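In what follows, every chain begins at residue 1, and chains take the letters A, B, ... in the order their sequences are listed. This structure is a prediction, so every number in the text was calculated from the model and none was measured.
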2 protein chains.
Amino acid sequence: MPRPREFEPDAVVDQAMLRFWWRGYRATSVEDLVKATGVKPGSLYSAFPGGKHALFLRSLERYSKLIVPQKLGELAASGASLAALRGYFDGLVHDLLSPEGRQGCLLVNTAIENAAEDDEAAAVVRGHLARLEQCMTTALRNALDAGEVRASVDPAGSAKVLVATCQGLMVVGKANPDATVLRAIVDNAFAVLV
Amino acid sequence: MPRPREFEPDAVVDQAMLRFWWRGYRATSVEDLVKATGVKPGSLYSAFPGGKHALFLRSLERYSKLIVPQKLGELAASGASLAALRGYFDGLVHDLLSPEGRQGCLLVNTAIENAAEDDEAAAVVRGHLARLEQCMTTALRNALDAGEVRASVDPAGSAKVLVATCQGLMVVGKANPDATVLRAIVDNAFAVLV
DNA sequence: AAGATACATGAGCGACCATTCAAGAACAAG
DNA sequence: CTTGTTCTTGAATGGTCGCTCATGTATCTT
């Protein structure tokens with residue numbers, strides 16, 4: 001009976017996610033989203049009740065499920081060890097130094113821009129941090145078992161620090177996308193482990 | 001000859017700084033600033049040519065000169081050592097957990113919100129990061145001399161990591177202002193030094 | 001007292017914001 | 001082909017944005 005929808009909602013979320021990622025929530029207008037997706041306001045609002053904010057939350061979820069695993073790479077695997085952990089940090093630095101990756105991490109940006117006044121967004125960020133910490137703990141535990149790190153390293157504790165360090169790497173990278181600076185941070189963060 | 005100004009420009013910058021600190025640049029409207037300072041738009045714009053953005057840059061400078069030294073505390077002293085360094089981190093955690101400190105650091109927030117599209121703001125942030133790194137390097141060097149940290153600690157290198165870690169602490173604290181989480185980060189960051 | 005000068009005031013500017021809605025269009029069922 | 005249902009469209013909503021400017025006011029000089 002009904003007229004079929006002419007656009008793919010997931011594709012709209014993808015485009016919205018990219019905009020929010022690059023420019024932030026407040027700086028991205030609905031008009032921006034309309035231009036980016038080709039979907040007119042009326043259709044947007046009927047497909048996504050809750051408007052801009054709902055689309056933002058969908059974008060965060062989408063980012064978590066699409067982009068985060070891609071960035072985690074081997075670190076997400078249960079067998080991940082020191083090389084995978086180091087690879088994750090090197091990937092972050094590489095991204096921050098490339099024109100396509102300067103926007104950093106959508107969830108870090110959201111933590112700073114929205115977490116204080118948007119509980120739902122903050123919850124997604126917390127989920128991300130917990131997941132990251134868990135991956136890093138696993139990798140460090142594997143590394144410890146394999147003798148890749150000092151025996152005195154506490155996997156759970158070091159994982160907490162490394163989570164904070166990689167969030168900080170994003171902050172520094174945004175203000176100062178300099179290869180020497182960022183690589184020095186990563187090198188020294190790992191130096192204390194071996 | 002002229003009619004004297006009825007407000008103190010520095011006091012206006014102070015109020016503006018507080019607003020930008022709490023809500024961010026984009027979320028703070030000129031109307032907010034007018035309400036907060038009691039200075040009407042016309043007077044604001046004649047006292048601060050360049051409008052909102054100029055006032056923002058003035059706020060960043062003001063924050064650097066007024067708030068940062070206060071937060072650095074003993075860490076800014078040339079004789080600072082491990083206790084001062086630890087005290088700085090404990091202070092950050094304390095602030096993030098208190099209602100008056102939840103906004104984090106204006107310069108970290110600015111790095112994420114504005115650095116990518118505002119070179120002048122990014123420059124202020126870079127200056128802050130450099131200063132922080134220098135203070136931490138000095139403190140670590142003193143700590144090394146005093147035998148407060150392992151002999152294998154590289155003051156300059158560890159300072160770079162600690163700068164990133166404390167920026168990351170702000171990010172985590174914004175999304176998850178939990179005492180256990182934040183203290184664990186600090187504890188473990190310092191555990192590797194001794 | 002009069003003039004000169006800078007400041008204070010707040011209504012108002014065009015632009016843009018997120019959002020809504022009336023109207024037309026495309027499909028499936030009958 | 002007609003009808004019913006949902007979708008698309010884009011103009012229009014009231015509101016807010018950063019900012020300006022004409023007008024009035026307070027002070028210092030003469």
Subject >> B:His53 NE2: over 12 foreign heavy atoms closer than 6.0 Å >> reply: yes
Subject >> Test log, rule side chain to side chain donor-acceptor pair (under 3.5 Å), inputs A:Glu100 and A:Ser98 >> reply: CA-CA 5 Å; A:Glu100 315 85 32; A:Ser98 77; 3.3 Å; yes
Original post:
Would you call A:Asp90 and A:Arg86 a salt bridge, taking side-chain N to carboxylate O under 4.0 Å as the test?
Top reply: yes
**OP:** For residues B:Leu106 and B:Ser59, report the shortest heavy-atom separation together with the two atoms involved.
**Re:** CD2-O, 4.2 Å
Please list, for nucleotides 10-15 of chain D, all pairs of protein and nucleotide N/O atoms separated by less than 3.5 Å.
{"unit_1": "D:dG10", "atom_1": "O6", "unit_2": "A:Gly42", "atom_2": "N", "d": "3.2"}

Original post:
OH of A:Tyr45 versus C1' of C:dC21: gap in Å, rounded?
Top reply: 13 Å
**OP:** Tell me what A:Phe48 touches on the nucleic acid: a base, only sugar-phosphate, or nothing, going by heavy atoms under 4.0 Å.
**Re:** nothing
**OP:** Determine the minimum heavy-atom distance between B:Leu92 and B:Cys166, stating which atoms define it.
**Re:** CD1-CB, 3.7 Å
Original post:
Over how many whole Å does the gap from B:Lys52 atom NZ to D:dC17 atom P extend?
Top reply: 8 Å
Original post:
Cation over ring, B:Arg58 on B:Phe48, under 6.0 Å and within 45°?
Top reply: no
Original post:
Toward the 5' end of DNA chain C, which comes first, A:Gly50 or B:Val39, by nearest nucleotide?
Top reply: B:Val39
Subject >> Salt bridge A:Lys71-A:Asp95, side-chain N to carboxylate O under 4.0 Å >> reply: yes
Original post:
More 5' along DNA chain D: B:Val30 or A:Ser46, using each one's nearest nucleotide?
Top reply: A:Ser46
Return a table of donor-acceptor pairs under 3.5 angstrom between the side chains of residues 4-14 of chain A and protein atoms on other chains or two or more places apart.
{"unit_1": "A:Glu6", "atom_1": "OE2", "unit_2": "A:Arg3", "atom_2": "NH2", "d": "2.8"}
{"unit_1": "A:Asp14", "atom_1": "OD1", "unit_2": "A:Arg62", "atom_2": "NE", "d": "2.3"}
{"unit_1": "A:Asp14", "atom_1": "OD1", "unit_2": "A:Arg62", "atom_2": "NH2", "d": "3.2"}
{"unit_1": "A:Asp14", "atom_1": "OD2", "unit_2": "A:Arg62", "atom_2": "NH2", "d": "3.1"}

Subject >> Between C:dC17 (C1') and A:Tyr25 (OH): distance, integer Å >> reply: 12 Å
Subject >> Between P of C:dT9 and CZ of B:Arg5, the distance in whole Å >> reply: 13 Å
Subject >> Integer-rounded Å distance: C:dT20 P and A:Leu44 CG >> reply: 12 Å
**OP:** Whole angstrom is fine here: how far is it from CZ in B:Arg26 over to P in D:dT16?
**Re:** 19 Å
**OP:** Using atom CD of B:Glu31 as one end and atom P of C:dC16 as the other, report the distance to the nearest whole Å.
**Re:** 20 Å
Original post:
Between B:Glu117 and B:Arg26, is the closest basic N to carboxylate O distance under 4.0 Å?
Top reply: yes
Original post:
Between C:dC16 atom P and A:Leu33 atom CG, what is the distance in whole Å?
Top reply: 16 Å
Scan nucleotides 26-28 of chain C against the protein and return all N/O pairs shorter than 3.5 Å with their distances rounded to 0.1 Å.
{"unit_1": "C:dA26", "atom_1": "O4'", "unit_2": "A:Arg3", "atom_2": "NE", "d": "3.3"}
{"unit_1": "C:dC27", "atom_1": "O2", "unit_2": "A:Met1", "atom_2": "O", "d": "2.8"}
{"unit_1": "C:dA28", "atom_1": "O4'", "unit_2": "A:Met1", "atom_2": "N", "d": "2.9"}

